[in-house]
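To start, the structure itself, in C-alpha cells.
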2 protein chains.
Amino acid sequence: MSTEKRPPLDRARVADTALKLLNEVGLDGLSLRAIARELDVKAPALYWHFKDKQALLDEMATEMYRRMVAGTALDPSDTWRERLLKANRGLRAALLGYRDGAKVYSGSRFTGLVHVEQMEETLRLFTAAGFTLAQAVRAQSTTYYYTLGFVTEEQGVEPLPGERRDGFDVAERARLMTDFPLSAAAGAEIFQDFDQHYEEGLALVLAGIEQQYRPTGP
Amino acid sequence: MSTEKRPPLDRARVADTALKLLNEVGLDGLSLRAIARELDVKAPALYWHFKDKQALLDEMATEMYRRMVAGTALDPSDTWRERLLKANRGLRAALLGYRDGAKVYSGSRFTGLVHVEQMEETLRLFTAAGFTLAQAVRAQSTTYYYTLGFVTEEQGVEPLPGERRDGFDVAERARLMTDFPLSAAAGAEIFQDFDQHYEEGLALVLAGIEQQYRPTGP
DNA sequence: ACCACCTCCTTAACGCTGTTAAGTGCCTGG
DNA sequence: CCAGGCACTTAACAGCGTTAAGGAGGTGGT
C-alpha cells in the first residue's frame with residue numbers, strides 16, 4: 001500500500017501545477033479544487049500558501065515572468081532596438097505558452113520585485129543611449145501595451161498556437177461582408193499570420209520611437 | 001397596490017441595465033441574479049433573451065461600441081492621422097466609461113456586423129490616402145492593440161477615472177526601490193498622468209506609421 | 001518524559017454562481 | 001372558445017471560492 005509521504009507543498013509547486021493545468025482546462029476551468037486534486041490535496045490546503053485565488057494567479061503571472069526572463073537572452077551591449085525587440089518577442093512567446101496567458105498575466109500583479117532588476121537594466125541601457133528617463137519609459141511602455149493588446153486578441157482567436165476557436169473562419173467571414181469589400185479582404189490581415197503581423201506592428205512602434213526620440217547615443 | 005405592468009424585456013434593456021450595474025459592482029460582482037434583480041425579474045428570465053452569460057457580455061461590448069461610435073464624430077474628410085487619433089481616443093474614452101471596461105470589451109465578440117460599416121469607411125479613407133490595404137489594416141490594428149493594452153493596464157490601477165486601486169502609491173513604490181533609482185523614478189511615468197502618457201504613446205505609433213508607410217495621397 | 005507549540009493539512013459547511021427543467025399566466029390568431 | 005406561443009417563475013443542481021474548526025506529526029523547552 002502506498003504509504004509514501006508527500007513532501008509539503010510550497011508556493012512554487014502550486015503555481016507550477018496550476019500553470020500546467022491552465023493549459024489543459026483554460027482560465028475558466030481552473031478551479032482551486034482542480035488544482036488541489038492535481039496536487040493530491042484538498043482545496044482548503046491551498047489557503048495555507050495563498051491568501052486567496054488572486055494571490056495564486058499573481059504567483060502564476062510572476063512565474064510566467066520568471067520563465068520569460070530565463071528564456072530571453074538579454075545582452076547588456078544590446079542596442080535599444082535589439083532590446084525592445086528581444087523583450088517584446090520574449091513576452092509574446094511567454095504569453096503564448098499558456099492558454100489564456102495574456103488574460104492571466106494582465107489581470108495579475110507580480111509578487112515582490114522580481115521585475116525590477118530587468119527594468120532597471122533596460123532603463124539604464126536606454127538612458128545611456130541618449131533617451132531621457134521619460135522617453136525610455138514611454139518607449140518601453142508603448143511597446144509593452146502593444147504586445148499585450150496583440151496577444152490578448154490573438155489568444156481570443158487562437159487559444160494556443162495552431163488551435164483555432166470557433167467562429168473565426170476567414171472565408172465565412174468574407175461571405176457575410178460582401179457589401180463591404182475592403183473589410184472582407186481585411187480578414188486575412190487580421191485573423192491569420194499572427195507572427196508576421198506582430199512583427200510588422202512592432203516595427204511600426206519602433207520606427208515611431210526612432211523618429212520621435214532620435215537618440216544619438218554617447 | 002402597484003399593479004403596473006412592466007413592458008417585456010429585450011436584449012437592449014438588459015444590456016443597458018447590466019452596463020449601469022457594471023459601474024457599481026465591477027465585472028466580478030456582475031452576476032445574473034444581480035442584473036435580474038435590477039430589472040425586477042428572476043435570473044432565469046435572462047435566458048429567454050441570451051443563450052448564456054457570455055452572450056450578454058457580448059451584447060454589452062457591442063453596446064459599448066455603439067455608444068463609442070455615437071460619441072465620436074468621424075468626418076469623411078479626415079486625414080488618416082485625424083481618423084486614427086479620433087477613433088482611438090474615442091475607444092479609450094468609451095472603455096474608461098465603464099469599470100473593467102477594457103476587460104469586458106476585449107473578452108467579448110460583437111453580435112452581428114455593427115463594426116463593419118465604420119471599418120469599411122476607415123479602410124476606404126486610408127486606401128484613398130495612398131495606403132495599401134495591408135498597410136491600412138496594420139496601421140489600424142496596431143493603434144487598436146496599443147489602446148486596448150493601455151486601457152487594460154490603466155484600469156488595473158484606476159478602475160474608474162480618479163478612483164485608485166490599493167497598492168499603487170507611487171511614493172511607497174519608490175521607497176521599496178531605493179536600490180533601483182531609475183525604476184523608482186519611473187513610477188511617476190507609469191502610474192500617473194494617464195491622459196498625457198496615452199497621448200505620447202499614441203503619437204509614437206502614429207509617427208511610426210508615417211515614417212514606415214509615408215502615404216503621399218492622391 | 002511530558003507538555004506546548006507550530007506546521008500543514010482535512011472535514012464540514014456557508015452562501016453564492018451559472019444553468020436547466022418544468023410549469024404558469026397572458027396574449028394573440030383562427 | 002380554444003390552441004399555441006411568448007415571457008416569465010419556481011425549484012433544483014452541480015460547482016465555485018472561502019472560512020471555521022480540528023487533527024496529525026514533528027520540534028523545542030523544562
Side-chain angles (χ1 to χ4, degrees), chain A residues 1-22 24-61 99-100 103-104 107-109 111 165-166, chain B residues 1-22 24-61 99-100 103-104 107-109 111 165-166:
Chain A
M1 52 216 76
S2 79
T3 47
E4 357 180 13
K5 283 243 91 112
R6 230 190 341 84
L9 295 182
D10 56 49
R11 294 175 62 97
R13 266 226 350 224
V14 176
D16 180 67
T17 302
L19 281 173
K20 275 198 196 95
L21 192 58
L22 176 65
E24 298 170 20
V25 300
L27 183 53
D28 284 351
L30 192 76
S31 73
L32 294 181
R33 283 171 170 88
I35 298 167
R37 194 178 316 124
E38 212 79 5
L39 290 161
D40 203 29
V41 132
K42 298 299 148 66
L46 302 177
Y47 284 81
W48 182 259
H49 304 278
F50 300 93
K51 83 175 233 292
D52 58 16
K53 189 182 185 181
Q54 186 55 54
L56 169 51
L57 290 168
D58 289 349
E59 188 63 43
M60 290 168 67
R99 168 167 267 136
D100 298 315
K103 251 190 191 140
V104 171
S108 305
R109 303 285 142 191
T111 60
R165 203 162 285 191
D166 286 347
Chain B
M1 51 217 76
S2 78
T3 48
E4 357 179 14
K5 284 241 96 126
R6 230 189 340 85
L9 296 182
D10 57 47
R11 293 174 63 94
R13 269 234 341 238
V14 176
D16 180 67
T17 303
L19 281 172
K20 276 198 195 93
L21 193 57
L22 177 64
E24 297 169 20
V25 301
L27 183 53
D28 283 353
L30 193 75
S31 74
L32 294 181
R33 284 171 170 86
I35 298 168
R37 194 179 316 124
E38 211 79 4
L39 289 161
D40 204 28
V41 133
K42 297 299 149 61
L46 301 178
Y47 283 82
W48 183 259
H49 303 278
F50 299 93
K51 83 176 234 293
D52 58 16
K53 188 183 186 181
Q54 187 55 55
L56 169 51
L57 290 168
D58 288 349
E59 188 63 44
M60 291 169 66
R99 170 168 268 139
D100 298 316
K103 251 189 192 146
V104 171
S108 306
R109 301 288 142 190
T111 62
R165 202 162 285 191
D166 285 347

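Letters A, B, ... mirror the listed sequences (proteins, then strands); counts begin at 1. Values in this document were obtained by computation on a predicted structure and should not be read as measured data.
Distances from the side chain of L32(B) to the nucleotides dC9(C), dT18(D), dT19(C) place dT19(C) closest. The A45(A) side chain lies nearest to dC9(C) when the options are dG17(D), dT19(C), dC9(C). Checking dC16(D), dT19(D), dT20(C) against the side-chain heavy atoms of P44(A) singles out dT19(D) as nearest. With distances taken from any side-chain atom of S31(A) to the nucleotides dC16(D), dT18(D), dT20(C), the minimum falls on dC16(D).
A sub-4.0 Å separation between OP1 or OP2 of dT19(C) and a side-chain N or O of K53(B) is absent. The phosphate of dT7(C) has neither OP1 nor OP2 within less than 4.0 Å of any side-chain N or O from H49(A). Here W48(B) reaches the OP1 or OP2 of dA7(D): one of its side-chain N or O atoms lies under 4.0 Å away.
Along DNA chain D, the nucleotide closest to D40(B) and the one closest to D52(A) are compared, and the more 5′ of them pairs with D40(B).
Taking NZ of K42(A) as the reference point, atom CZ of R33(A) lies at 11.5 Å (rounded to 0.5 Å). Separation of atoms OG1 (T17(B)) and CG (D40(B)) is listed at 11.0 Å; rounding is to 0.5 Å.
Taking atom CG of D28(B) as the reference point, atom P of dC16(D) lies 17 Å away to the nearest angstrom. For the pair R37(A) CZ and dC9(C) P, the interatomic distance rounds to 17 Å; values are reported in whole Å. To the nearest angstrom, C1' of dG18(C) lies 13 Å from NZ of K51(B). Rounding to whole angstrom units, CG of residue D10(A) and C1' of dT7(C) are separated by 14 Å. Atoms CZ (R33(A)) and C1' (dA12(C)) sit 11 Å apart, rounded to a whole Å. Computed from coordinates, the K42(A) NZ to dA13(C) C1' distance equals 15 Å when rounded to whole Å. Atom P of nucleotide dT9(D) and atom CG of L39(B) are separated by 10 Å, given to the nearest angstrom. One interatomic measurement links the two molecules: CZ of R13(A) to C1' of dC8(C), which rounds to 13 Å at whole-angstrom precision.
Residue L30(B) is classed as a sugar-phosphate contact, given heavy-atom separations below 4.0 Å to backbone atoms only.
Around CG of D10(B), the count of heavy atoms belonging to other residues, nucleotides or ligands within 6.0 Å exceeds 12.
Looking at D58(B), its side chain never comes within 3.5 Å of a backbone N or O of S108(B) through a donor-acceptor pair. Using modelled atom types, one side-chain atom of R11(B) and one backbone atom of H49(B) make a donor-acceptor pair closer than 3.5 Å.
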